[in-house]
Amino acid sequence: MTLFFVLVTIVPSLIALGYLIETDPKRRRAFREPALGHERYIVPPLALLVLPGGATLAAGTFGLFVLWFSTLTVVGWIMAALSPDAWRRIGARLEAWTGLAFRRVEGGR
Amino acid sequence: MLSLKQNVTKRLVAVHGWSGVVLGLLLYVVLLTGAVAVFDYEIATWSTDRVDARMALADNATDIIETALTEVGVSEVERLNVSFAHTGEAVVYLHGLPNPDPDESRSVSMRVKIDPKTGEPTETLVGAEADIFEHQARILERFLVDLHVRLHVPEPWGLFLTGILGLVMMVASISGFVIHRHLFKDLFVPERPGKRLVSFRDRHALAGTWGLPFAVVLAFTGTFYSFALSLGLPVVSLVAFGGDREAAIEAVIGGGAHGEIAPAAMTDLNALIARSEAAAGNKPSPGFQIHHWGLEDGEITVFHSARTGGLLADSRKYALATGEYLGPSIILGQQPSAGAAAVELMAPLHFGHFGGFVSKLVWVGLGGALSFVTITGLQLWARKRQDEALWRFFDRVIGIVGYGLPIAMVGAAYGFFLALALGDPEVWTPWAFIIVSGVCIAVGLAVRRLDLLSAIYRGSLGLGCFCLPLVRLEVGGSGWVEALAAGRPMIPTLDVFFFLTGLGYLVWLARETVLAPAVRAEGQVAEPAE
């Protein structure tokens, strides 16, 4: 049951975090990725990032909040520590295994 | 993060760096063993050579108590604990019993183990309270936990040392937060390629930034646990209780009333525990503690883990004579207080056991991340000073300890399992750790090429992890089917974890040493032709 609640709260946060990592300007500059071809959204992904944690607090489930926050710090670190190249390789493997297309946020000149 | 004057930043960098350099390697030992110790219960179960299904307390509590009291030959007991051994036996600890030696005034404690299949006592041990908690099955777990808690330094110095390490970690965390000028800007910047100095800085800063909130939490709670017993309690007992440590403990954690108390019939224990389990969300209780069994002021605390989504344990207190619910169990003092709540909060935040396996897994990740921060911080400091021979040697030492510690921990597990079959695990577990550490140090000093040294370490760690489950099974450890039948999925889980970790290291090593050079060589041949 705990695993279910953790997944329900952490998955939306990690999706939002993935977007923020992928579109981070300094990260893109450091790895010579093309600049974003569109405006970077900040508020919606930030809201999606923190809302599940807020919901656990509002529900009075402090254990779930601590678990959500700690999972976010550990998985967030791993996600951020992987270079854009590493993400590209992971995406390619996932595509090969599942047949689904995993698109990265496109850059533009 | 904060805007500071240059000289202040410089001083803080020095504080941050030197606090890490002086005690950083010991801090790494405490952090990595702490990450492993999160699974202390699981390691104890995994390393136990025999597992039986446990009895349900709600059906057997009365029988367990009666069997233990008959075995000991008393009808009233000052304090009594019931829990389960990792083998599945019910274990009853009875404290405050009259000393069998008429010349000795000090009370004794007894431990009675009860077979879950027959309900008969299998072992009775008399001794001082601290001595009867020894379990052969827990030797490996205890060795690793003691390494984390006191680095195997005698009491109280070991606790002082780990308490100081906790303070160092707090200083390093807070100073790191203050001196990092681009905390949010660098939040998503991974290690830049090239193994340059900036790559080491990226690695350390990224892991440190993400781990910062829990670094402070774990450092604070760890320091509290180290100093509470080694320093806090003696000081409180000296100041407030004239040096009477037992009186201090009694006032702090409660010890019941003194004087003549009338005997009384006890309530139906099975029904009481069933009621407590129902009230705690139908979670089976792992054990209970009783004060004054057989007396009219007798109380029982039935232990329960935190509810789903909760943080604090849901243990409940009842009167033994009437079965009346007295309220939630209070960890400190006799009344609810802010101090008791704060202390209660320390346990889930430090041990990460509030959400079962999931939260423990996350806490292992946190411990691993903080170990990584420590090692990369030390590497950064040493690489910045590579032109000095002393720091080049320190860089080598970081590698030796960084890889040597996990290899030596795996070595201790080998020592334990082999000694289970051939000798005394109590002796050979620490010796195996020392011998393997010695070999790692000798190899680390003898092999000049760092890439070769790293390959040797990774290969040893991979092979050690990969073969460990086979050795466990070979010396008579519980098989997977047997373990699953007894409700211990952790045994095959840990076996699979070691298999995969070992395999992962070996594949990594093969890719870097065999496959990658071959691919590079092919590339070099092909390049001029293109």
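Everything numeric here is computed off the predicted structure, so don't read it as measured data.
Proximity to chain A (any heavy atom under 4.5 Å) is shown, for B/A306, by neither the backbone nor the side chain. Only the side chain of B/L349 comes within contact range of chain A, with heavy atoms under 4.5 Å apart. Interface remark: A/V6 contributes side-chain atoms only to the contact with chain B (heavy atom separation under 4.5 Å). Contact annotation for A/F65: neither backbone nor side-chain heavy atoms come within less than 4.5 Å of a heavy atom of chain B. Neither the backbone nor the side chain of A/I78 comes within less than 4.5 Å of any heavy atom in chain B.
Of the inter-residue distances, the one linking B/L366 atom CG with A/W77 atom CH2 reads 10.0 Å to the nearest 0.5 angstrom. For the atom pair CZ of B/F188 and OG1 of A/T23, the computed distance is 8.0 Å after rounding to the nearest 0.5 Å.
Contact count against chain B (heavy-atom pairs under 4.5 Å) is highest for A/G63 among A/A81, A/A80, A/G63. Counting heavy-atom pairs closer than 4.5 Å to chain B, the top-ranked of the candidates A/L3, A/I21, A/L17 is A/I21.
Side-chain contact check for A/V66 versus B/P348: every heavy-atom pair is 4.5 Å or farther apart.
Closest approach of B/G365 to A/V74, counting heavy atoms only: C-CG2, 4.0 Å. Considering every non-hydrogen atom in both B/W210 and A/L72, the closest pair reads CZ3-O, 3.8 Å. Closest approach of B/K185 to A/K26, counting heavy atoms only: O-CD, 3.7 Å. When every heavy atom of B/V358 is checked against every heavy atom of A/L67, the shortest pair comes out as CG1-CD2, 4.4 Å.
In the displayed structure, A/F31 atom CZ is contacted under 6.0 Å by more than 12 heavy atoms of other residues, nucleotides or ligands. For CZ of B/F224, the number of neighbouring non-hydrogen atoms (other residues, nucleotides, ligands) closer than 6.0 Å is greater than 12. For B/F351, the CZ atom is densely surrounded, since the number of other residues' heavy atoms within 6.0 Å is greater than 12. The neighbour count for A/R93 CZ, taken as heavy atoms of other residues, nucleotides or ligands under 6.0 Å away, does not exceed 12.
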